[in-house]
2 protein chains.
Amino acid sequence: MDIKTQLRQHFAQLVSLTDDEFERIWSHFSLKKLKKRQFLVQEGDHVKYHYFVAKGLLKASYTDESGKEHILQFAMEDWWISDYLALYNNTPATLSIDCIEDSEVLTLSDEDRQKLTREIHAFSNFFLQKKNAGYVGLQQRVLLLLFKNPRERYERLQELQPRLLQRVPKTLLASYLGVSRESLSRLYQGEL
Amino acid sequence: MDIKTQLRQHFAQLVSLTDDEFERIWSHFSLKKLKKRQFLVQEGDHVKYHYFVAKGLLKASYTDESGKEHILQFAMEDWWISDYLALYNNTPATLSIDCIEDSEVLTLSDEDRQKLTREIHAFSNFFLQKKNAGYVGLQQRVLLLLFKNPRERYERLQELQPRLLQRVPKTLLASYLGVSRESLSRLYQGEL
DNA sequence: GGCGAACTGTGATCCGGATCACATCTTTTT
DNA sequence: AAAAAGATGTGATCCGGATCACAGTTCGCC
């Protein structure tokens with residue numbers, strides 16, 4: 001399947017668009033190819049784009065004063081990623097986004113997104129629905145971090161995103177789950 | 001200031017509405033008065049409404065199998081609250097929402113919100129902006145939970161929401177921060 | 001095809017925060 | 001006004017997970 005079709009189907013899961021509407025939307029995207037370890041956004045950058053992952057695997061992370069990296073989000077095929085804090089507030093990026101695997105992403109500037117959102121109601125609706133789902137997902141993650149121990153967090157991730165577990169190195173998984181690499185390694189001694 | 005004006009000004013912070021548009025929106029809200037400890041939503045309820053807090057203080061919380069309560073969100077004047085997971089997926093509430101102080105909330109059904117969102121572009125925009133801000137806020141909270149210790153989380157809250165700290169009992173604060181009540185109590189021995 | 005870097009497992013030790021237990025003190029309720 | 005329920009502080013003990021240290025393995029690269 002080509003990337004244009006992939007994007008079209010992605011929208012179709014939540015809203016319906018006429019051919020004309022989709023063409024108008026599509027014309028504002030550009031394709032960007034990246035290799036493993038390459039950065040899409042670096043701390044301090046001016047962030048202008050939303051990124052739709054067509055292929056590959058990326059991570060968004062924050063590096064604290066002591067140099068430790070904390071992973072906020074992974075993104076694989078059909079996921080969106082950006083530093084939304086920087087994007088919406090027009091501030092320098094506090095996150096870094098880089099590739100765990102060779103990847104292809106579609107970029108959409110927030111300026112264009114605003115324009116399209118004004119012109120095409122279904123598109124506006126798409127974004128609202130996405131944000132709602134993302135918001136609810138983050139709430140669940142907060143609850144998980146608040147009162148589940150590392151083992152339960154790991155198991156939950158296994159349920160919800162089994163594909164992710166297999167593609168992401170354990171070191172990075174540990175950081176996403178808020179556990180040390182060593183403790184994570186000890187968790188799944190008893191299982192599988 | 002009366003509640004109608006309060007709501008109008010709340011919208012005005014993010015979007016501009018004509019008198020006519022605001023009247024149309026306003027007509028879909030109803031006022032609900034609640035006393036301390038009263039529930040707005042209980043686990044298992046069918047959730048139909050968004051709630052805008054006009055006055056008072058509420059909390060949204062999840063109760064785990066062992067009966068412990070974990071606080072996901074507080075809401076005071078000019079904040080919105082609901083069980084969004086239940087609201088958007090039409091599933092029974094997993095959260096409970098109840099009053100920490102006597103409160104007055106404005107209710108808006110999601111059905112009406114969808115209708116207004118379709119009819120009034122600025123209103124749609126308002127919701128999208130709110131969700132974005134909420135999403136970013138939750139991301140920050142996840143980062144805080146991931147790699148800051150209880151003391152730093154407490155200090156951050158003190159910076160960001162000093163008013164909240166003074167109104168919320170320490171027991172509930174502890175639950176929101178993901179610390180035991182006892183440990184929280186020991187945190188601020190050295191300060192102030 | 002060999003060298004360095006990233007990845008993963010595992011042992012030993014340590015410590016932050018949970019848990020348990022109790023003592024005020026303050027609100028509510030009746 | 002008394003009784004019950006909630007809020008807060010504080011000591012003693014315990015344990016999950018962090019940290020430190022090292023080894024084996026796999027991967028990308030000159």
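In the text below, chain A, chain B and the rest are named by the order of the sequence lines, each starting its count at 1. Everything quoted here is computed from the prediction, not taken from an experiment.
- One finds a salt bridge joining Glu119(B) and Arg24(B) here, because a Lys/Arg side-chain nitrogen approaches an Asp/Glu carboxylate oxygen to under 4.0 Å.
- In terms of modelled atom types and a separation under 3.5 Å, the side chain of Arg167(A) and the main chain of Ile100(A) share no donor-acceptor contact.
- Atom-to-atom, NZ of Lys170(B) to P of dA7(D) comes out at 12 Å; the value is rounded to the nearest Å.
- Taking both residues in full, the closest heavy atoms of Arg151(B) and Leu187(B) are given as NH2-O, 2.7 Å, listed atom of the first, atom of the second, then distance.
- Using the six-membered ring where Trp is involved, Trp80(B) and Phe11(B) have ring planes that are tilted, between 30° and 60° apart.
- Using a 4.5 Å heavy-atom threshold, the side chains of Lys36(A) and Glu101(A) count as separate.
- Between Tyr88(B) and Tyr84(B), the angle of the ring planes stays under 30°, which puts this pair in the parallel group of the 30/60° scheme.
- A donor-acceptor pair under 3.5 Å is absent between the side-chain atoms of Asp110(A) and the main chain of Arg113(A), judged by distance alone.
- Taking every nucleotide of DNA chain C with any atom under 4.0 Å from a non-hydrogen atom of chain B, the first and last of them, 5' to 3', are dG17(C) to dT28(C).
- Aromatic rings from His121(B) and Phe126(B) are positioned such that their centres are separated by 6.0 Å or more.
- Residue Leu165(B) contributes atom CG, which lies 16 Å from atom P of dA7(D) at whole-angstrom precision.
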Per-nucleotide protein contact along nucleotides 22-30 of chain D, 5' to 3', at a 4.0 Å heavy-atom cut-off (B base, S sugar-phosphate only, - neither), is ---------
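- Within the nucleic acid shown, Lys68(A) comes within 4.0 Å of sugar-phosphate atoms alone, with no base atom in reach, counting heavy atoms only.
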